[in-house]
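The figures here come from the full heavy-atom set of this structure, side chains too, leaving out hydrogens, waters and symmetry mates.
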Amino acid sequence: MKNNIVHSLAGLPKYAAGFVGTLIFRLLSPFLGLWNVSPLMATELAGSKAYGPWVGGLYGALSIALLDVIVGKAGSWTIITALTYGAVGVWGAFFFKSRSASVRNFVLASVIGTLFFDLVTGVLMGPLFYGQPWVEAIVGQIPFTLRHLAGNIFFASVLAPWFYRKIMENPKWELT
């Protein structure tokens, strides 16, 4: 994990590629019937592995916040989801500090990250901030989390290792 500011800034085209690809997919996914399926976790974890906790955290938080702004849906929920996805990016760097960028590790990190994200944003935030009943939050979250896990496991096994090797670790994608 290279963790200096110059290296991180040189990687801006890599983040842009991940962000634009993820953004396009996230904008089109509802029209394709793929609600709650996104490559964001996969690209965030690959970036966390390559560039460390601050870049991983910023990438995740900004990806969430900018999409909400672009589609005109920014609000209090944006802050909660952006901070939670940012926390997953920070955690991902520490998870990968002594682990390889293997399919197994990306899938494991994605499962843990997804469960954390869905616990905070789906189970805890509804009752704590919006008065939703606890049972409703927990039961309602189950199908959402199963679909979220399926999508994130797919992208963690297919996209994350490829994105890490071909984009994040490729010096041709860096500013000189």
Side-chain angles (χ1 to χ4, degrees), residues 18-49 53 56-57 59-96 99-164 168:
F19 176 77
V20 170
T22 297
L23 177 66
I24 291 168
F25 187 91
R26 291 177 71 206
L27 288 170
L28 294 176
S29 63
F31 300 106
L32 303 172
L34 297 172
W35 52 269
N36 196 30
V37 175
S38 165
L40 176 55
M41 179 86 60
T43 57
E44 178 184 38
L45 291 172
S48 294
K49 168 72 174 154
Y59 177 84
L62 289 175
S63 292
I64 293 290
L66 290 174
L67 176 69
D68 283 3
V69 168
I70 288 168
V71 299
K73 303 261 184 198
S76 62
W77 192 255
T78 301
I79 295 166
I80 295 165
T81 56
L83 289 175
T84 306
Y85 238 107
V88 171
V90 170
W91 168 82
F94 293 104
F95 176 87
F96 279 106
R99 291 180 176 90
S100 67
S102 68
V103 169
R104 180 184 179 277
N105 286 332
F106 278 119
V107 168
L108 178 59
S110 183
V111 167
I112 294 168
T114 303
L115 292 175
F116 170 77
F117 180 82
D118 285 4
L119 173 68
V120 171
T121 62
V123 175
L124 298 178
M125 291 303 112
L128 294 176
F129 287 94
Y130 304 106
Q132 181 182 28
W134 283 99
V135 172
E136 182 181 293
I138 293 167
V139 172
Q141 190 62 36
I142 292 170
F144 183 91
T145 296
L146 290 174
R147 188 171 178 108
H148 202 189
L149 279 169
N152 284 350
I153 289 169
F154 170 77
F155 285 118
S157 60
V158 176
L159 177 62
W162 176 87
F163 188 72
Y164 178 78
M168 298 312 270

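By the side-chain hydrogen bond (donor to acceptor under 3.5 Å, both in side chains) test, Thr121 pairs with no residue at all, sequence neighbours left out. Scored by the side-chain contact (heavy atoms from CB on, under 4.5 Å) test, Thr22 finds Arg26, Ser38, Pro39, Leu40, Thr43, Tyr59 as partners (sequence neighbours excluded).
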Using ring-ring contact (aromatic ring centres under 6.0 Å, His included), reason through Phe25 and Phe155 one step at a time and then give a plain yes or no. CA-CA 12 Å; Phe25 187 91; Phe155 285 118; 5.4 Å; yes

Report the C-alpha separation of Val111 and Leu149 in whole Å, then their side-chain angles, then the decisive distance to 0.1 Å, and conclude whether the side chain to side chain contact (heavy atoms under 4.5 Å, CB included) test is met. CA-CA 6 Å; Val111 167; Leu149 279 169; 4.2 Å; yes

Decide yes or no on side chain to side chain contact (heavy atoms under 4.5 Å, CB included) for Thr78 and Lys73, but give the supporting numbers first. CA-CA 8 Å; Thr78 301; Lys73 303 261 184 198; over 6 Å; no

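Residue Phe116 holds its CZ atom at 11.0 Å from CG of Asp118, rounded to the nearest 0.5 Å. Summarising the geometry, atom CD belonging to Glu44 is positioned 11.5 Å from atom CZ belonging to Phe163; distances are rounded to the nearest 0.5 Å.
In this structure, Phe129 has its ring center at least 6.0 angstrom away from the ring center of Trp77.
Not a single donor-acceptor pair under 3.5 Å links the side chain of Thr84 to the backbone N or O of Phe117. Panel note: side chain Lys49, backbone Ser100; no donor-acceptor pair is recorded below 3.5 Å.
Between Ala82 and Ile64 the shortest heavy-atom distance is N-CG2, 3.6 Å. The shortest non-hydrogen separation linking Pro127 to Trp134 is CB-CE2, 3.5 Å.
Remark: Arg104 fails to qualify as a cation-pi partner of Phe106 under the 6.0 Å distance and 45° angle criteria applied to the six-membered ring.
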